[in-house]
Engineer: 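Okay, handing you the structure first.
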Amino acid sequence: MENREVVICILLAIVTTNLIRILPVTLIKGQIRNVFLRSFLYYVPYVTLAVMTFPAIVNATVTPFSGVMALVVGIVAAWRGMGLFPVAVICCSIVYLMDGLLAL
């Protein structure tokens with residue numbers, strides 16, 4: 001790629017990312033009153049985090065099975081009110097044990 005093409009790509013990336021951030025601020029003046037839209041916007045960060053995290057959980061282990069098992073156990077532990085650190089320790093322990101058992 002030539003330098004000129006690289007500069008054009010960088011400028012397009014800058015314009016695209018800034019439009020995504022600036023347009024909602026400039027177009028939406030008042031408070032959003034639509035219940036569906038408010039609910040949708042409320043859950044967007046959680047869904048984005050889940051979409052980025054789930055493949056990493058499954059693919060970061062020796063076998064996908066150990067990642068899925070740790071995910072299930074972590075969800076149950078979090079559902080029962082455990083904090084972030086204990087859930088992380090439990091999930092890491094599950095992956096360590098499952099990968100050790102499956103490697104035998």
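Basis for what follows: all heavy atoms, side chains included, without hydrogens, waters or symmetry-related copies.
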Engineer: Honestly curious: do Met98 and Ile90 fall in one hydrophobic cluster under the side-chain, below-4.5 Å linking rule?
Structural biologist: yes
Engineer: Rounded to the nearest 0.5 Å, how far apart are CD1 of Ile75 and SG of Cys91?
Structural biologist: 8.5 Å
Engineer: Please report the interatomic distance OG1(Thr53) to OH(Tyr46), rounded to the nearest 0.5 Å.
Structural biologist: 13.5 Å
Engineer: For the atom pair CG (Leu19) and OG1 (Thr26), what is the distance rounded to the nearest 0.5 Å?
Structural biologist: 9.0 Å
Engineer: Test of understanding: clusters of I, L, V, M, F, W, Y form through side-chain heavy atoms closer than 4.5 Å, transitively. Do Val68 and Ile57 belong to the same one?
Structural biologist: yes
Engineer: Val44 and Ile28: same hydrophobic cluster, using ILVMFWY side-chain contacts below 4.5 Å?
Structural biologist: yes
Engineer: So, taking the atom named CD1 in Ile22 and the one named OG1 in Thr17, what distance separates them when rounded to the nearest 0.5 Å?
Structural biologist: 8.5 Å
Engineer: When you measure from the side chain of Arg38 to the backbone N and O of Arg33, does any donor-acceptor pair fall under 3.5 Å?
Structural biologist: no
Engineer: Keeping the roles fixed (side chain from Ser39, backbone from Val35), state whether a donor-acceptor pair exists under 3.5 Å.
Structural biologist: no
Engineer: If we only count heavy atoms from C-beta on, is the Met69 to Val95 side-chain gap below 4.5 Å?
Structural biologist: no
Engineer: Locate the shortest heavy-atom distance separating Gly83 from Pro86; write the atom from each residue and the value.
Structural biologist: O-CD, 3.3 Å
Engineer: Is atom CG of Leu84 surrounded by more than 12 heavy atoms (other residues, nucleotides or ligands) closer than 6.0 Å?
Structural biologist: no
Engineer: How far does CG of Asp99 sit from CD1 of Ile94, to the nearest 0.5 angstrom?
Structural biologist: 11.0 Å
Engineer: Could you give the distance from CG (Leu37) to CG (Leu41), rounded to the nearest 0.5 Å?
Structural biologist: 4.5 Å
Engineer: With distance as the sole test, does Thr61 use its side chain to make a donor-acceptor pair with the main-chain N or O of Val58 at under 3.5 Å?
Structural biologist: yes
Engineer: On the 0 to 90° scale, with breaks at 30° and 60°, tag the Phe36-Phe40 ring pair as parallel, tilted or perpendicular.
Structural biologist: parallel
